[in-house]
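Shown next, in structure tokens, is the structure this report addresses.
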Amino acid sequence: MSVELNELQESARKVIGGAGLAANESATWSQLVELGWLLVSVPEALSGLSMGLPGACILHSELGRGLSAAPYLAATLAVDAVCQSGFSDREHWLDRMIAGELVTASLAESGVQTSGKHLCGDVQGVQSADSARHMLVWTAGNELVALIALNQPGIDIVVKNTWDQTRRLFSVRLNDIDLGEQVILAEGASAESLIRRLLVQRDFALAADAVGGAASILAMTVDHLQTRIQFKRPLAMFQSLKHRCADMKASIDAAEALLFDAARKVRHEPDSPDARIKAMGTKSFATTMFARVAEACLQLHGGIGMAVEHPCHLFLKRALLNEHLGSATNVCTQETARVLMAGTR
Amino acid sequence: MSVELNELQESARKVIGGAGLAANESATWSQLVELGWLLVSVPEALSGLSMGLPGACILHSELGRGLSAAPYLAATLAVDAVCQSGFSDREHWLDRMIAGELVTASLAESGVQTSGKHLCGDVQGVQSADSARHMLVWTAGNELVALIALNQPGIDIVVKNTWDQTRRLFSVRLNDIDLGEQVILAEGASAESLIRRLLVQRDFALAADAVGGAASILAMTVDHLQTRIQFKRPLAMFQSLKHRCADMKASIDAAEALLFDAARKVRHEPDSPDARIKAMGTKSFATTMFARVAEACLQLHGGIGMAVEHPCHLFLKRALLNEHLGSATNVCTQETARVLMAGTR
Amino acid sequence: MNTGDNCDQLRQEVRTWLLENVPAGWRDAMTNVGQDAFVALQRMWFEKLVRAGYATPHWPEGWHGGGRSLSDQKVIFEELARADAPRLILYFVALYHAACTLFECGTAQQREKYLEGILNGQVWCQGFSEPNAGSDLAALRTRAERHGDRYIINGQKIWSTMAQYADYCLLLARTDSSGPPQAGLTYLLLDMRSKGVSVRPISQITGDDEFAEIFFDDVEIPVENRVGAEGDGWAVAQATLASERGLTLVELTQRMRYALPRLVRSMREQGCEDDAVIRRDLGSLVVNIDAACALADQYLTKRIAGAEQVGDASVVKLFYAKTLREFASLGMRIGGLESQYHSGFMRGATQETGHWMLDFMNSYNWSIAGGSNEIQRNIIAERMLGMPREPKSWQVVEGRP
Amino acid sequence: MNTGDNCDQLRQEVRTWLLENVPAGWRDAMTNVGQDAFVALQRMWFEKLVRAGYATPHWPEGWHGGGRSLSDQKVIFEELARADAPRLILYFVALYHAACTLFECGTAQQREKYLEGILNGQVWCQGFSEPNAGSDLAALRTRAERHGDRYIINGQKIWSTMAQYADYCLLLARTDSSGPPQAGLTYLLLDMRSKGVSVRPISQITGDDEFAEIFFDDVEIPVENRVGAEGDGWAVAQATLASERGLTLVELTQRMRYALPRLVRSMREQGCEDDAVIRRDLGSLVVNIDAACALADQYLTKRIAGAEQVGDASVVKLFYAKTLREFASLGMRIGGLESQYHSGFMRGATQETGHWMLDFMNSYNWSIAGGSNEIQRNIIAERMLGMPREPKSWQVVEGRP
């Protein structure tokens, strides 16, 4: 990791760690806006920090570590889409977004279709939609990327009561939304490549969130085992528990190495098909790992892990939700196999 | 388990255990012929012990425990096929077989087809074919079951050098074998049901072999851990090793319970489609379990498990071969799912 | 296993009765409702079962419904599972733990006093675990000091199922701290309305609060409420813990089997019924459930034959807990993103409700409570496989790994 | 990680060289052949690599081929993996363990005497493990008694890789049994042709015999062959063990990646390339291999930056061993019954040969040898996660679990 990235990580860990687990959403949001974190992957030409995917992964990982509620992932997708687009009003939008006006987006697969000059369909997994005035959408068929106002007629916003209490997801239904009145960011081939770029960022972000979350819950579990006394000794003295922690540590380290290796490798062409495959592989590996780690950590906590007063379950629920956001795990593995097979004589 | 079955198990364990692991094939064969084990599932009307699938499972399990080399599985398939068939010469054949003349059979899927009045194709996984004068064959399309002489023209017998050294498998190629000169045991609908019956017995036998083998290698592994000293204490004191042994014990017990439960449930209609599904499920569960147990036991033996002088590897190799004999694991699970789904409104 | 005429006749009888008596649509009626509705359903169902004699088949002859053989009891439980009847969670401790303890270790007077009450619907809870004595019961610290004809109780219990509804509590408390830890325990029956008892339900990660903490502040218990002699609490507690071994696992494993169609229906709803990977895992789950059922069945058969061995129950519980987790995990995979949305909170439904995430979290009840998986593995390794026990005391010293 | 011009240029240079020099069809030539053919191939390939300077990039500047940066070494290893070149198994101990020990702890005289010999093809083996000191090196018992200017050696070593071909042995022996076990060890260089040395190859379950036992019967070693002071053997042995950490794992993980097409070709041969379950598992393996490569790469990057921490190597090795096992297991599943037939014995091919059962068994070399998975887990738990060490001594006493 470069010195720059290391510094970013250290300062983010200090900030997020200081706020405590699952800190208040709007306070975290204000803080990260203030710290300029929305600029982390914005190109230098647009006054950003130009730290690309590796920089984004650092921040997402720290936010996952702290079970952050802020809709940072959605926001950075929208910011990036605006940066990549050539529309006239770009700088104006960017200024507002960087200043903290949330443009949200979906963390799930798109269910949006164009029908003539209209947009229809369901958008699942939209982060903090009630705090946003606009939403980034892309179509399932890759024809179009647009910003749409959430307060216009034809938009139904429904809060989804996820088991994960650390983030707030909404589903947004688009009923014949007139494209003429929305901000079109990309169409045709450029939409296809922009969408790929967005999906790559989304999957990397979820993977990073998983890596941070897993490291955090493992640390908490080791602490628990060190202090919880049973049979007159700390649980941490029991070798079978030690070995399970060691296995978790190894798989977390593997996911982290994969994450930053892949992010570095595709940082210069995050809209390429290769980037997409790497993002899918990383996402499926990391979110599966997080889910298995969180499952095991709850077991290692024993009864107290079943009580809502202990934060253990917050990690488990976030981990299980992450598994179902972004690219579907079975699609990730099937696609990875397909690419290998296509490339093998 | 009934008193009868318990007694059978005890006496079999004494006999096989007394002979030592992977005892000489022909000595074991003579012994089991002498003890009348080939009669275990033969109906009372034909002077057998009429102990059906449960009795067969007892013996196969003990033979697996001792890594027996004798072609008992193949032989009992042939004996059962003859018992079930109404052909005139039945008693004569049965007498010879029970007296120890081996009629062998395949432990793998059939590759045999009828072509006019001829049989063609490859039979894989034929046990001890060089000791047999005849072989039981059934066609892949379920049209026919027959006994064919192995010393006739058109038969090529090739020894297969399996990694498993405890059994000897052959492949037998049938080149236009004239059906007119063979002993036909069943044709048409009765062939279909007889073949199902044979496959059920084969899969149960492999499952039983796996259960016995797994129990045996686990016992050996626990002994090893009790006696091997590292860091000034027996390895058996290390909790992570204890827990792995406990997990293995639980899955062996589960496989054993499943085996005898299923065998009891289908013993009165071992040629039914339900018996076939139960046999497939039991086979896939037990052989997968055995393979995973043997893999773990080799690891727990450490370096000595890698040396040919220690019998650990014999179990591993037998376990891995069992996984690939009988019904294929993926077919077993897919079929089980299919039946459940077909029966669910 | 007896599968003779008597059993078949009983099976038919129970099946017919259940067909007519299981409250139709009780699952929907228990979804997103408050505790009162839940308690009312439990009470109604309890009364029906008691009247039919199906709540107490394990009680001795002479008591209402009692005197059934274990194989008859098994038939009843299998049929309850098959009929998808509600489980009697609220009365479980009363019907099993309390009753069996009283039958085995109580005085005639105690039996007379409490058993009739149980049949009349008194709710009991168990006061064993403490914050620092979960897996390690010998370490418990709630004190019972003898003052004349009373014990004065001070301390705290935790993970007590449904204590907030309980009329009585099976209390294990320390009367002596001087000797070996297990020797100083005494077993008492506590009226939950006694002065100084307070109950705080524990909010669980499922949203439920079926567990509670109980606090004791100078609570008085008359000496006649002691079960067994002072200091014999450990032995009496073993009788409590053994009281329902086997039958519950038969019922639960059977319930898994009968719940399989819920997975299939989910697959159809999600349009993944042709997904080969899901189908493979479903097929493998089906066989695991068959194995779990066979294990539970074998275990009960052993008990009936008087051939149970130490560790047998641990094997069944460990394998059940693992299979149950797999069941819920597969459900979540099938459900996809939807499985992560609250789909309603079903009270008292315990396992395999089709609300997969709820089921998933409930599955920890079986891997943690009642002796965690880790404790079961110790028992299996040490007492079935004969491997060394963990050392009694253990110095933390530096040394090579 | 330096991916600058120098590295790219070196990569091109090595790649071109390998294209011209890797013996075509060496795998087939090594299948079902005797040891002589294997030794001849190793020698030929060793000489080529030495001449090109690619065998000794890790040696210090001034020595042939030496003075390369770690990142340059990494490039060489990656390219060797990419070109599917034979591994220099026969010379591995000489080039790494022996050479690095001598560079770090040897005298100028020792360096002069032995390093030239290594470049000329002398084979070395390692004599550390003993029958009762596998994972627990401190327990070793082979004695070295000082008699004037000689040590007299008696005892036995085991699991010594290719000892039957070795000219010299890195020997760890006990010169003192009175103090703490680690303090009494001394490190010696043994000429394998000395009187009283006998070697017995161990027949392995793969059919190979790459390991051997070495027996010492009053073997004499001159005192000048001691490395470090008497009693310093433990510390010197650490230098030996650390000598190849990192690079080997980079090479091995890269070899896994380049071997993936063998799985795909097997799928095609077996006609299961459209099996969704196999494809899913293949996809998942590909990602696991990417992760293993990334871990190894990250580890080396840390070493280059001087930021290695205790346990880092354990994580990489543990994850590699697990992934390697998965690789071979998937191969066996694809191969079906055929995978259980001997498909030829390939000498010196080590991993991912496409002879899946052979590969599967060879994968235990990585989960057992060089610190078993269990030892690695101890190191990770204790030294990375700060959990308590296993107690130094341990009484077997009865007690609750």
Side-chain angles (χ1 to χ4, degrees), chain B residues 107-109 124-125 158-165 167 169 171 228-242 244 288 291-292 295-296 298-314 316-326 328-330 333-334, chain D residues 129 131-136 138-139 158-159 181 202-209 211 213 272 275-278 321 325 329 332-333 335-344 355-358 360-365 367-369 372-375 377-378 381 390-396 401:
Chain B
L107 312 187
E109 298 299 19
Q124 294 283 327
V158 180
V159 60
K160 300 306 281 195
N161 191 7
T162 51
W163 281 97
D164 176 23
Q165 296 152 36
R167 287 167 295 187
L169 297 190
S171 80
R228 171 88 176 155
I229 308 286
Q230 290 276 280
F231 305 108
K232 296 191 191 150
R233 68 209 67 168
L235 286 176
M237 290 194 76
F238 288 98
Q239 199 196 31
S240 95
L241 311 186
K242 284 166 64 178
R244 278 149 77 186
T288 304
R292 296 302 89 74
E295 270 181 56
L298 198 113
Q299 177 70 24
L300 293 179
H301 271 81
I304 192 68
M306 303 280 287
V308 90
E309 69 190 78
H310 192 286
C312 192
H313 70 110
L314 299 177
L316 177 62
K317 290 166 178 173
R318 187 167 176 125
L320 293 170
L321 179 57
N322 276 9
E323 260 198 307
H324 292 98
L325 295 175
T329 301
N330 60 342
T333 46
Q334 298 286 356
Chain D
S129 288
N132 288 305
S135 294
D136 178 16
I158 196 169
W159 310 123
I202 298 171
S203 294
Q204 281 163 259
I205 63 176
T206 53
D208 205 345
D209 50 8
F211 301 121
E213 289 177 291
C272 64
D275 182 320
V277 177
I278 297 274
R325 182 77 40 87
S329 294
M332 284 200 297
R333 274 173 53 211
L337 180 54
E338 242 176 68
S339 73
Q340 299 305 308
Y341 298 153
H342 258 287
S343 56
H355 302 276
W356 302 121
M357 181 67 177
L358 181 69
F360 180 81
M361 286 183 291
N362 268 324
S363 73
Y364 281 93
N365 280 337
S367 60
I368 291 175
S372 68
N373 283 358
E374 291 73 24
I375 295 288
R377 290 193 188 101
N378 274 352
E390 295 296 307
K392 222 170 189 165
S393 68
W394 212 354
Q395 295 291 314
V396 186

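Looking at D:D209, there are no atoms closer than 4.5 Å to chain B (heavy atoms on both sides), in backbone or side chain. At a 4.5 Å heavy-atom cutoff, the contact between B:R244 and chain D is made by side-chain atoms alone. Contacts between B:L316 and chain D at a heavy-atom distance below 4.5 Å involve the side chain alone, from C-beta outward. Using a 4.5 Å cut-off between heavy atoms, D:S129 makes no contact with chain B at all. With a 4.5 angstrom heavy-atom cutoff, D:R333 touches chain B only via backbone atoms. Heavy atoms closer than 4.5 Å to chain B are found in both the backbone and the side chain of D:L337. Of the atoms belonging to B:A307, heavy atoms from both backbone and side chain fall under 4.5 Å from chain D. Looking at B:Q334, the atoms closer than 4.5 Å to chain D (heavy atoms on both sides) all sit in the side chain, from C-beta outward.
Nearest heavy atom pair, residue B:T162 against residue D:H342, reads O-CD2, 4.1 Å.
Checked by atom type, the side-chain pair B:Q299/D:E374 shows a donor-acceptor distance below 3.5 Å.
Across B:R228, B:Q165, B:E309, the residue that shares the most heavy-atom pairs under 4.5 angstrom with chain D is B:R228. Of the listed residues (B:L325, B:N161, B:L241), the one with the most heavy-atom contacts under 4.5 Å to chain D is B:N161. Heavy-atom pairs under 4.5 Å with chain D were tallied for B:V308, B:L300, B:L169, B:L314; the largest tally goes to B:V308. Most heavy-atom pairs under 4.5 Å with chain D, from the set B:H313, B:E295, B:H301: that is B:E295. Ranked by heavy-atom pairs shorter than 4.5 Å toward chain D, the options B:L298, B:I229, B:T329 are led by B:L298.
Panel note: side chain B:K160, backbone D:Q340; no donor-acceptor pair is recorded below 3.5 Å.
Counting heavy atoms of neighbouring residues, nucleotides and ligands inside a 6.0 Å radius, atom CD of B:E109 exceeds 12 of them.
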